[in-house]
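Order of the sequence lines fixes the chain letters, A, B, ..., with proteins taken first and strands second; residue numbering starts at 1 for each chain. Predicted, not measured: the structure shown is a model, and the values here were computed from it.
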Amino acid sequence: MTGGASVPLWAALPVALLVLLGAALGLTGSIGLLRLRGFYERLHAPTLATTLGIGSILLASMLFFSVAQTRPVVHEVLITVFVVITTPVTLMLLARAALHRDRTEGSPGVPPPLAPAPDGDAGI
Amino acid sequence: MSAVVLGWSLLAAQLMLALAMGCATLRVLLGPRAQDRVLALDTLYVNAAMLLLVFGIRTGTTHYFEAALLITLLGFVATAALSKFLMRGEVIE
Amino acid sequence: MRRLLSYPLLALCFLLLWLLLQQSVSPGAILLGAVLAAAGSGMLAVLMLPKGRLGRLRLVPGLLRDVLVEIVRSNNAVARIILQPREPGARRSGFVHIPLDMRNPYGLSALACILTATPGTVWVDYDARGGTMLMHVLDMVDEETWVRTIKQKWERPLMEIFE
């Protein structure tokens, strides 16, 4: 609880706004997880949290610690890099897994395989 | 003044993120299918990382950063492994 | 040595990540980071990744800016869709097939990452023989529009960068 006092107001305001924006986006994404119908629609909901949501909180954290410690604190970039790299991979893997399961079960509303024979990934 | 602004907004952010984790947990419990649960688990990980970062700002220590980094990494590995299992498990059945 | 440094760009990225994690640029940290980066990129040489060739690098900053703008815009759009009251039949989501001219694997994976990272679109599948990509769209207004947008907005700059 000691952090807030050591930062001037010009830094505290953007930090507060960025944190609120990030948290609101995270909450919106999770609400979407509950409200949207069907798995493929829900697949879009967490991207709110993983792009702009965590991005603005990381920006707020960078700003806060850089001002509070009077030196550039940029190791939050690491989390940004990891999230940017890993989120598309997990979502694509999940989408492919769900599509595969739906196809083998013959669920309606699922497009048929693009190629007649199973082939490899496009280097992804 | 800045302590008041930060204190209230960080508290609000923590509440929102806790609510977000609650929503994700509800989806894990509701399902209805395995891929829904895995997706919700992934969202839960991201929300937890965000909550830890907000905790870090609130307490003014950078120790929470390492925890958030670990959670994002573990979340990725867990989700990748689970989706691979969803794909392979079907073949064996 | 040649095998160790077969991916100089990747090794440099590893070194930068290490320095960020250590939060220092002391000689010791740089030395240890260089050793780790060489070892890490050398290990990746075992995978025998296909050699990529970069074309017009000066397009990269503009593309990154476009991606950022698009992420902000679609965050707003998807948040609106989630929070608006539910009206049956007003919005329809679905799969879109998109024929692609790009064949470079790195360009394709970059396109996949861009599409999946923007809320509202998820790359699902790709057929290497026909060059068709399958993606899922949350708010499908018109299939034709999506095909045109993706080909013009993302595929063309990526093809110029990677081919």
Side-chain angles (χ1 to χ4, degrees), chain A residues 1-13 15-17 19-20 22-24 26-34 39 42-43 45-46 49-50 53-54 57-58 60-61 64-65 68-69 73 75-76 78-79 82-83 85-87 89-91 93-98 100-101 104-105, chain B residues 1-10 12-17 19-24 26-27 30 32-36 38-40 42-44 46-47 49-51 53-54 56-62 65 68-69 72-73 75-77 79-80 82-87 89-91 93:
Chain A
M1 305 288 182
T2 56
S6 57
V7 172
L9 191 61
W10 61 264
L13 276 179
V15 167
L17 286 180
V19 165
L20 283 178
L27 180 58
T28 312
S30 301
I31 289 174
L33 212 56
L34 281 181
F39 171 74
R42 277 178 224 134
L43 202 55
T50 54
I54 201 163
I57 286 191
L58 286 167
S61 174
F64 176 82
F65 284 112
Q69 304 188 358
V73 176
H75 61 350
E76 277 85 359
L78 269 179
I79 294 188
F82 283 134
V83 167
I85 294 175
T86 57
T87 309
V89 177
T90 49
L91 284 183
L93 272 174
L94 254 180
R96 292 170 67 95
H100 177 77
R101 281 169 69 102
T104 46
E105 285 168 12
Chain B
M1 180 63 187
S2 59
V4 176
V5 171
L6 270 185
W8 281 104
S9 55
L10 290 180
Q14 280 173 319
L15 285 178
M16 280 197 270
L17 286 172
L19 203 59
M21 286 179 80
C23 290
L26 204 56
R27 183 47 81 186
L30 286 175
R33 305 199 56 201
Q35 52 259 44
D36 289 299
V38 176
L39 181 68
D42 190 51
T43 318
L44 195 63
V46 175
N47 284 333
M50 284 158 82
L51 191 58
L53 286 168
V54 176
I57 298 178
R58 197 176 171 81
T59 51
T61 59
T62 47
F65 163 80
L69 187 64
T72 50
L73 285 179
F76 167 65
V77 174
T79 315
L82 281 171
S83 14
K84 215 62 197 165
F85 173 75
L86 288 183
M87 226 187 255
E90 206 67 32
V91 180
E93 273 178 27

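Closest heavy-atom contact between A/Gly26 and B/Ala20: O-CB, 3.8 Å. Nearest heavy atom pair, residue B/Ser83 against residue A/Leu93, reads OG-CB, 3.8 Å. In terms of heavy-atom proximity, A/Glu76 sits nearest to A/Ser61 at OE2-OG, 2.6 Å. The minimum heavy-atom distance between B/Met21 and B/Asn47, with the atom names listed, is CG-CB, 3.6 Å. Considering every non-hydrogen atom in both B/Ala68 and B/Ala49, the closest pair reads CB-O, 3.9 Å.
Each of B/Asp42, B/Leu39, B/Thr43 was scored for a side chain to side chain contact (heavy atoms under 4.5 Å, CB included) with B/Thr79, with one residue passing: B/Asp42.
For A/Ala95, no part lies under 4.5 angstrom from a heavy atom of chain B. Only the side chain of A/Leu91 comes within less than 4.5 Å of a heavy atom of chain B; its backbone N, CA, C and O stay farther away. Contacts of A/Ala11 with chain B are absent, with no heavy-atom separation under 4.5 Å from either backbone or side chain. Heavy atoms of B/Leu15 lying under 4.5 Å from chain A are absent altogether. Using a 4.5 Å cut-off between heavy atoms, A/Val19 contacts chain B through both its backbone and its side chain.
For the set A/Phe82, A/Phe65, A/Trp10, the count of heavy-atom pairs under 4.5 angstrom toward chain B peaks at A/Phe65. Ranking B/Leu53, B/Thr72, B/Val4, B/Leu82 against chain A, the residue ahead of the rest is B/Leu53, based on heavy-atom pairs under 4.5 Å.
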